[in-house]
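One structure is given below, encoded as structure tokens.
Both backbone and side-chain heavy atoms feed into the values below; hydrogens, waters and symmetry mates do not. This structure is a prediction, so every number in the text was calculated from the model and none was measured. Residue numbers begin at 1 in each chain, while the letters A, B, ... track the order of the sequences.
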Amino acid sequence: MSVPLKFYNTLTRQKTVFEPIDPDNVRMYVCGPTVYDYAHIGNARPAIVFDVLYRLLRSVYGADHVTYARNITDVDDKINARALRDHPGLPLNEAIRQVTEKTETQYHQDIAALGCLPPNVEPRATDNIPQMIEIIEKLIARNHAYVAQGEVLFDTKSMQDYGQLSKRPLDEQQAGARIAVDAHKKNPGDFVLWKLSSENEPGWESPWGRGRPGWHIECSAMSQRYLGEVFDIHGGGLDLIFPHHENEIAQSRCAHGTQVMANLWMHNGFVQVEGRKMSKSDGNFITINELLATKTFGGRSWPGEVLRLAMLMTHYREPIDFSVKRLEEAERLLGKWPAAEPGTAEPCPIVMEALADDLNTVAAVQRLHALAQEANGDSSMMPMFAASAALLGVLPKKAEVDEAVASAVDALVAMRLEMLKAKNFAEADKIRNELGEKGIQLKDGKDPATGERVTTWEMKR
RNA sequence: GGCCUCGUGGCGGAGUGGUGACGCAGAGGACUGCAAAUCCUUGCACCCGAGUUCGAUUCUCGGCGAGGCCUCCA
């Protein structure tokens, strides 16, 4: 390994050198979507950010030596509500299946358009209920959980160092707590591991009756199942630090008796709209699909690569104000980059160094832009540019140009040159304009030897 | 109230204890029949105050401002 990787760890609030538990199998877990509705562009940020991390790890440790798990949350009261709303005629389970399947398919399409590689495993909560029950039983057996009024609750007081991740000691939390304290909780911070379901709620049989899991337990169960009791990296949005990740840690560590759940905790910042967090409950969100397929934002649709690059032009921990201007700049940059195939070349060391320094995609993109310009002038630079761009997942693909179309364009270009020689500018410009309308950009240059006009062209992306 | 981020030129955005990255836009120029594309030139920015220092945008403290979490949330 050439460059040491350094990442900012939410757990220690410091940037430290990353050392995997097992370099032959680097394991990362990222909190994925709850599938009840279109994902918004804020949801796209962790997908993209951790995709870059995944690519970087694969590059450093080898493509077969990284395991990336990203869950699909398909048990959630929002899903139930959506199922009842959209499919009132169907039996509940069927209605839920319709909602989750449709949303999941859409999510995969959206994320793929943003250039994200699929994770190695994408477990669903509903496929891991027994694993969750097992953890809950362990927690009860170890006196970290208790049953009260049909719920199984985690006993936060039973964990002496609860609150490490969010730096939120229990006693301080009570002071300004706005949450109404449920009477059946021993401590206000106690959270649900399992709750009973009524007839018209989805449920699974358990030692505590037919019920469903609490929000946090699925990630504890699935990360253990696919990555082990202790793994390398856990990622997600800033807003998951508390309570979600804090509680995952509590469950996993108390169930397994381990000192940590994951060594490195990474959190991405928010996508903002007009300086405010984009959020579904606030209604100020724009979906990935709207950006890709409709003219909702800025009066036009936007290619996935543009959205991805726009996202990588800001460091992952900083907020991004989502704007048309920003997308336009990303598009302009991409338009100047050559299309290429990934190939087997090594990425530029400067790009590697940038990414190795806490995923500094901004510096990486800047370097990439310089490389693109070098490659435009000197084709021997192309493989390095391509490899570097591929590392970020922003390599422009060669536009598929039909051969018949290509020769037709070549013929028109030749015809135009003839007209120019004859100083028939009106006709020549007409050809140029017509091609332009078809998205074909003519580029006039000079042959350095003869000084004659040489015209090349390309499809605008 | 508690906890956590952040504050750099029109915009985006790194970085550093000692003359001001860079990109985009803008301006000027070259090239062109005119354009486009391309190339060249051009930016004296670091929230405020105090302190540490020979020297701070960079360190410390205070202030102001913005955002986030504490409730479903990427």
[X] [atom1] - [N] [atom2] separation (whole Å):
X: His216(A); N: rC72(B); atom1: NE2; atom2: C1'; result: 10 Å
X: Ile320(A); N: rU5(B); atom1: CD1; atom2: C1'; result: 15 Å
X: Trp265(A); N: rC4(B); atom1: CH2; atom2: P; result: 19 Å
X: Gln366(A); N: rG15(B); atom1: CD; atom2: P; result: 11 Å
X: Tyr36(A); N: rC72(B); atom1: OH; atom2: C1'; result: 8 Å
X: Tyr316(A); N: rA14(B); atom1: OH; atom2: C1'; result: 15 Å
X: Leu309(A); N: rG13(B); atom1: CG; atom2: P; result: 13 Å
X: Leu442(A); N: rG33(B); atom1: CG; atom2: C1'; result: 16 Å

Worksheet entry | Output field: ring centroids His216(A)/His245(A) closer than 6.0 Å |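 No - the distance between ring centres of His216(A) and His245(A) does not fall below the 6.0 Å cut-off.
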Worksheet item: Do Tyr226(A) and Tyr29(A) have ring centres separated by under 6.0 Å?
Response: no
With a non-hydrogen cut-off below 4.0 angstrom, is [X] in contact with a base, only sugar-phosphate, or nothing?
X: Gln272(A); value: sugar-phosphate
X: Ile241(A); value: nothing
X: Thr314(A); value: sugar-phosphate
X: His315(A); value: sugar-phosphate
X: Val49(A); value: nothing
X: Gly236(A); value: sugar-phosphate
X: Asn360(A); value: sugar-phosphate
X: Gly269(A); value: base
X: Leu333(A); value: sugar-phosphate
X: Ser166(A); value: sugar-phosphate

Discussion item. Which is more 5' along RNA chain B, the nucleotide nearest Arg332(A) or the one nearest His244(A)? Just name the residue.
Written reply: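 The answer here is Arg332(A).
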Discussion item. Go nucleotide by nucleotide along RNA chain B from the 5' end; which of Glu318(A) and Gln373(A) gets its closest nucleotide reached first?
Written reply: Glu318(A)
Per the atom types in the model, does the base of [N] pair as donor or acceptor with the side chain of [X] at under 3.5 Å?
X: Asp429(A); N: rA35(B); result: no
X: Arg432(A); N: rA36(B); result: no
X: Glu329(A); N: rG23(B); result: yes

For the residue pair [X] and [Y], what are the closest heavy atoms and their distance?
X: Leu327(A); Y: Ala310(A); value: CD2-CB, 3.5 Å
X: Asn120(A); Y: Val66(A); value: OD1-O, 3.3 Å
X: Gly304(A); Y: Leu114(A); value: O-CD2, 3.7 Å

Discussion item. If only side-chain N and O atoms count, and only distance matters, is there a donor-acceptor pair under 3.5 Å linking Thr67(A) with Arg27(A)?
Written reply: no
Worksheet item: Will you find, in the side chains of Thr103(A) and Gln106(A), an N or O donor that is under 3.5 Å from an N or O acceptor?
Response: no
Starting the side chain at C-beta, find the nucleotide from [options] nearest to [X].
X: His369(A); options: rA25(B), rG23(B), rC70(B); answer: rG23(B)
X: Lys277(A); options: rU5(B), rG12(B), rG68(B); answer: rG68(B)
X: Phe242(A); options: rC24(B), rA74(B), rC69(B); answer: rC69(B)
X: Lys336(A); options: rC69(B), rG23(B), rU38(B); answer: rU38(B)
X: Asn43(A); options: rA14(B), rA74(B), rC11(B); answer: rA74(B)
X: Lys167(A); options: rA36(B), rC24(B), rC3(B); answer: rC3(B)
X: Gln441(A); options: rG33(B), rU5(B), rA36(B); answer: rA36(B)
X: Arg168(A); options: rA74(B), rC69(B), rG12(B); answer: rC69(B)
X: Arg453(A); options: rA37(B), rA74(B), rU32(B); answer: rU32(B)

Determine the Euclidean distance between corresponding [atom1] atoms of [M] and [N]; express it in Å to zero decimal places.
N: rA14(B); M: rC70(B); atom1: P; result: 26 Å
N: rG9(B); M: rG26(B); atom1: C1'; result: 13 Å
N: rC39(B); M: rU58(B); atom1: P; result: 36 Å
N: rC22(B); M: rU41(B); atom1: P; result: 11 Å
N: rG43(B); M: rG7(B); atom1: P; result: 25 Å
N: rC31(B); M: rU5(B); atom1: C1'; result: 49 Å
N: rC47(B); M: rU16(B); atom1: P; result: 16 Å
N: rC34(B); M: rC46(B); atom1: P; result: 42 Å

Both distances below 3.5 Å, Watson-Crick or wobble geometry, any strand: find the nucleotide opposite [N].
N: rC11(B); value: rG23(B)
N: rG62(B); value: rC48(B)
N: rA74(B); value: none
N: rC39(B); value: rG29(B)
N: rA56(B); value: none
N: rG67(B); value: rC4(B)

Worksheet item: For Phe270(A) and rG67(B), do the ring centres fall under 5.5 Å apart while the planes stay under 30° apart?
Response: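 The base of rG67(B) is not stacked with Phe270(A) (the test needs centres under 5.5 Å and planes under 30°).
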Fill in: Ala363(A) backbone acceptor or donor facing Asn360(A) side chain under 3.5 Å
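Present.
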Worksheet item: Does the pair Glu374(A)/Arg367(A) count as a salt bridge with the N-to-O cut at 4.0 Å?
Response: yes
Fill in: Ion pair check, Asp357(A) and Lys6(A), cut-off under 4.0 Å
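Salt bridge flag = no for Lys6(A) with Asp357(A).
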Item to complete: Answer yes or no: does a side-chain N or O of Arg276(A) lie under 4.0 Å from OP1 or OP2 of rG68(B)?
Response: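 Yes, such a contact exists.
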